[in-house]
Amino acid sequence: MVVRERRLRWPIPANFEAMLRLQTVHRVARRAKYILITLDSGTLILHLGMSGSLRLLAAGVPPRAHDHWDIELDSGRLLRFHDPRRFGSLLWTESDPLEHPLLAKLAPEPLSAAFDAEYLYRATRRRAVAIKQLLMNSQVVVGLGNIYASEALFHARISPRRSARRLSRAQAEALVRSIKDVLAEAIKIGGTTLRDYVDAEGTPGYFAQRLYVYERAGEPCRVCKSPVKQIVQGQRSTYWCPACQR
DNA sequence: ATGGGCACCTGGCTGC
DNA sequence: TGCAGCCAGGTGCCCA
């Protein structure tokens, strides 16, 4: 392993590279947006933050700006982490990664059976916060970022401003359905490339073409033609159609 | 327990 | 052309 920049969200310790030498990869998994790579003696926990990407590159490809670390594989190929904003992270644990403080209290995966209408309905009771913000709370559901929270609410025809506790059972059902559909569809076509997101092969995702409201402020709603609105909730932009969403 | 606000950082775009 | 200001795909932490 080669580390060129240790100042990620949490600094990469000086002995990190030494620890990883000659270890075998046993398993690659994911929990929420954390990528888990299990080696002989522990597990790498990595996160891409907002601007991070991982690429699998041929041996010897010279690093560019913001290429913060490489892991060299037996084949000579390089697993390279690139992250201009340095919001990403790389951590190491020698115990069960799911017990790591950052992962231990995470809510169910949105595409799992545990995330169903009953679960969401219960999770929204007594919560005054706007439903959009609740959807981005990793103690309620993980994996929903700013894009897909807006999109899922649009498809469920629910106002992002609606207080979570005012969700009806039917709305909870519609919302769970929309979340699963939006995420499954986005994954199928490689995610959303707005500026520079690319997958491990450097290929962009095409979900941006399927966005109904995100980054479409002032443009006509794809369903009813009235202008898409942009508001700020919890310091994040939310996009929605006040005519379609109630 | 809950909610709100701040922090971390760089780059790209807009408007003067 | 330069520069200030604003905005951005996330999420942990601190405070009330």
Side-chain angles (χ1 to χ4, degrees), chain A residues 4-12 30-35 45-54 63-69 81-91 93 100-107 109-110 122-154 160-167 179 182-183 185-187 189-200 203-218 229-239:
Chain A
R4 296 178 205 87
E5 174 58 83
R6 296 183 183 278
R7 296 171 303 164
L8 302 187
R9 176 152 196 200
W10 289 284
I12 300 176
R30 177 194 60 75
R31 177 75 175 103
K33 291 180 182 172
Y34 293 93
I35 298 166
I45 301 175
L46 62 106
H47 198 291
L48 303 179
M50 286 172 98
S51 58
S53 58
L54 277 178
R64 317 235 303 235
H66 312 300
D67 285 344
H68 304 315
W69 54 257
F81 179 69
H82 174 87
D83 185 13
R85 290 177 74 178
R86 292 196 270 124
F87 283 4
S89 52
L90 177 64
L91 300 162
T93 179
H100 188 280
L102 292 177
L103 307 192
K105 289 187 304 177
L106 292 174
E109 293 287 333
R122 289 215 177 136
T124 52
R125 296 310 88 182
R126 301 176 208 286
R127 299 298 297 270
V129 76
I131 185 63
K132 156 72 158 36
Q133 286 167 268
L134 190 94
L135 290 184
M136 293 179 62
N137 180 340
S138 63
Q139 305 216 58
V140 174
V141 61
V142 299
L144 264 186
N146 205 34
I147 298 175
Y148 303 122
S150 280
E151 292 298 308
L153 284 163
F154 174 81
R161 297 207 269 214
R162 176 170 286 266
S163 175
R165 64 183 166 203
R166 304 243 182 267
L167 233 64
I179 288 168
V182 162
L183 290 177
E185 185 65 15
I187 289 166
I189 61 178
T192 307
T193 295
L194 295 178
R195 289 159 196 89
D196 53 10
Y197 167 79
V198 289
D199 70 13
T203 316
Y206 292 99
F207 196 75
Q209 297 165 12
R210 307 275 247 274
L211 296 174
Y212 279 73
V213 286
Y214 190 81
E215 281 201 336
R216 296 195 64 244
K229 296 283 184 222
Q230 177 178 8
I231 57 175
V232 174
Q233 297 180 287
Q235 296 114 241
R236 311 300 303 279
S237 278
T238 299
Y239 299 85

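Everything quoted here is computed from the prediction, not taken from an experiment. Letters A, B, ... mirror the listed sequences (proteins, then strands); counts begin at 1.
Within the nucleic acid shown, A:R7 has no heavy atom closer than 4.0 Å to any nucleic acid atom. The residue A:Y34 sits close only to the backbone: its heavy atoms come under 4.0 Å of sugar-phosphate atoms, none of a base. As judged by a 4.0 angstrom heavy-atom cut-off over every strand, A:Q233 is placed among residues making no nucleic acid contact. When heavy atoms are screened at a 4.0 angstrom cut-off, A:S237 is found touching the sugar-phosphate backbone but no base atom. Within 4.0 Å of A:L102, counting heavy atoms only, lie sugar-phosphate atoms of the nucleic acid but no base atom.
Every residue two or more places apart in sequence or in another chain was checked for a side chain to side chain donor-acceptor pair (under 3.5 Å) with A:R166, and none qualifies. Among residues two or more places apart in sequence or in another chain, the side-chain contact (heavy atoms from CB on, under 4.5 Å) test is passed with A:Q139 by A:K105, A:N137. Remark: A:H66 pairs with A:H68, A:H82, A:P84 by the side-chain contact (heavy atoms from CB on, under 4.5 Å) rule, at least two apart or across chains. Every residue meeting the side-chain contact (heavy atoms from CB on, under 4.5 Å) condition with A:Q233, not counting sequence neighbours, appears here in chain and number order: A:A130, A:K132, A:Q133, A:P160, A:R161, A:I231, A:T238. Taking A:Q230 as the reference, A:S237, A:Y239 meet the side chain to side chain donor-acceptor pair (under 3.5 Å) condition, with sequence neighbours excluded. Remark: A:R216 pairs with A:E219, A:P220, A:R222, A:V228 by the side-chain contact (heavy atoms from CB on, under 4.5 Å) rule, at least two apart or across chains. The ring-ring contact (aromatic ring centres under 6.0 Å, His included) test applied to A:H47 returns A:Y34, not counting sequence neighbours. With sequence neighbours left out, the salt bridge (charged side-chain N to carboxylate O under 4.0 Å, His left out) criterion links A:R122 to A:E118.
Rounded to the nearest Å, the gap between the P atom of B:dA1 and that of C:dT11 is 23 Å. When the P atom is used for both C:dC3 and B:dC9, the distance is 23 Å, rounded to whole Å.
Salt-bridge annotation for A:R30 and A:E109: present, with a side-chain N of the basic residue lying under 4.0 Å from a carboxylate O of the acidic one.
The nucleotide range of DNA chain C contacted by chain A, defined by atoms under 4.0 angstrom from heavy atoms of the protein and reported 5' to 3', is C:dA8 to C:dG12. Close approach of DNA chain B to chain A, defined as any atom under 4.0 Å from a non-hydrogen atom of the protein, starts and stops at B:dT2 to B:dG11.
If you find the closest nucleotide of DNA chain B to A:Q133 and to A:R86, the one lying nearer the 5' end belongs to A:Q133. Nearest-nucleotide assignment on DNA chain B puts the 5′-proximal partner with A:Q235, out of A:Q235 and A:A65.
The shortest non-hydrogen separation linking A:I179 to A:P110 is CG2-CB, 4.0 Å. The two residues A:A32 and A:L106 come nearest to each other via the heavy atoms CB-CD1, 3.7 Å.
Annotated stems with DNA chain C as a participant read B:2-8 with C:10-16, B:10-16 with C:2-8, given as range with range, by first number; only runs of 3 or more Watson-Crick or G-U pairs under 3.5 Å qualify.
Judged by distance alone, the side chain of A:R6 and the main-chain N or O of A:I12 form a donor-acceptor pair under 3.5 Å. A:T93 contributes no side-chain N or O that, together with a main-chain N or O of A:H100, makes up a donor-acceptor pair within less than 3.5 Å.
For DNA chain C, the neighbouring residues in residues 142-153 of chain A, judged by any heavy atom under 4.0 Å, are A:G145, A:N146, A:I147.
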